[in-house]
Amino acid sequence: MRLDKYTAKALGLSRSQARDAIRAGRILLNGEVCRAPDAHVPEGAAVACGETLLCAKQFVYIMLDKPKGVVSAAEDAHDTTVVDLVRPAFPRRNLFPAGRLDKTSTGFVLLTDDGAFAHDILAPGRHVEKVYSVLLDTPLTPEMIAGFSAGVQLADGSRMLPAQARPGGQGPCSAQVVLHQGVYHQIKRMFGVYGAGVQELRRTAIGGVALDEKLGPGGWRELTEAELACLQAKRS
Ligand code: URA
């Protein structure tokens with residue numbers, strides 16, 4: 001990668017701002033001031049701005065704990081979006097959510113600017129599993145559990161893939177649900193077949209990566225290398 005591109009990515013600058021910083025002698029390449037914006041940054045090179053080592057990742061992968069009332073989109077004319085919550089830290093990244101949660105749902109939303117990664121994670125054929133904590137307005141029944149594992153037929157006639165529903169451990173109305181596909185309002189519609197309403201819905205894991213409950217509503221962090229490797233493994 002060229003030094004100006006690297007610097008722009010790492011510092012969230014425009015390319016011309018990065019060039020100015022480089023020409024002003026603020027950027028060091030392997031410990032030496034480098035004033036050439038077109039200098040090549042070799043693999044593993046150390047690029048620094050003063051004392052700070054810069055890191056220009058090609059893509060970013062963020063775990064966000066979506067609060068209620070925030071929409072799973074990159075932009076929205078009326079509501080705060082999941083991307084709005086992280087944009088100040090990544091002003092030049094074209095982030096988008098890899099998968100959606102309803103406006104009233106909370107929990108794990110994956111944000112990235114890696115389109116191929118998102119495509120693979122969401123591809124229907126990959127069946128990447130997602131885990132939800134659900135609070136119903138009626139107790140979870142053995143009929144629901146058996147129906148989920150056989151594959152629920154929704155009111156519109158479409159049949160869902162087998163899913164798991166089990167007691168959630170927070171009283172008779174709480175359930176844990178594991179899905180292997182993503183259909184609009186899927187959990188609400190699946191429970192609706194049994195006359196049950198969903199009062200709370202929270203996604204707690206995607207593809208074997210658990211939501212970091214320390215983040216709290218609206219909190220986010222980048223995925224660790226191990227978490228990313230776990231999701232990358234689901235692509236093949
Ligand atoms: N199923 C739903 O009904 N809503 C969600 O947000 C996620 C899964």
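First listed ligand is number 1; within each ligand, the first listed atom is number 1. Quick caveat: nothing in here was measured; it's all calculated off a predicted structure.
- For the residue pair T7 / D4, no side-chain donor-acceptor distance below 3.5 Å is found, with atom types taken as modelled.
- For residues 112-122, every residue pair satisfying the salt bridge (Lys or Arg N to Asp or Glu O under 4.0 Å) rule, not counting sequence neighbours, is listed here: R93-D113, D120-R126, D120-R235.
- Between F117 and F59, the distance separating the two ring centers is not shorter than 6.0 angstrom.
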Side-chain atoms of residues 201-209: list all donor-acceptor pairs with protein atoms under 3.5 Å, sequence neighbours left out, distances to 0.1 Å.
{"unit_1": "R202", "atom_1": "NH1", "unit_2": "D65", "atom_2": "OD1", "d": "3.2"}
{"unit_1": "R202", "atom_1": "NH1", "unit_2": "T106", "atom_2": "OG1", "d": "3.1"}
{"unit_1": "R202", "atom_1": "NH2", "unit_2": "D65", "atom_2": "OD1", "d": "3.4"}
{"unit_1": "R202", "atom_1": "NH2", "unit_2": "D65", "atom_2": "OD2", "d": "2.7"}
{"unit_1": "R202", "atom_1": "NH2", "unit_2": "E213", "atom_2": "OE1", "d": "2.8"}
{"unit_1": "R203", "atom_1": "NE", "unit_2": "F108", "atom_2": "O", "d": "2.8"}
{"unit_1": "R203", "atom_1": "NH1", "unit_2": "Y132", "atom_2": "OH", "d": "3.2"}
{"unit_1": "R203", "atom_1": "NH2", "unit_2": "F108", "atom_2": "O", "d": "3.0"}
{"unit_1": "T204", "atom_1": "OG1", "unit_2": "V131", "atom_2": "O", "d": "3.3"}

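- Closer than 4.0 angstrom to ligand 1 by heavy atom are L101, D102, S105, Y132, H185, Q186, I187, K188, L201, sorted by chain and number.
- Judged as a salt bridge (charged side-chain N to carboxylate O under 4.0 Å, His left out), and not counting sequence neighbours, R100 has no contacts.
- In summary, the side chains of T104 and D102 do not present any donor paired with an acceptor at a separation below 3.5 Å, with no hydrogens or angles considered.
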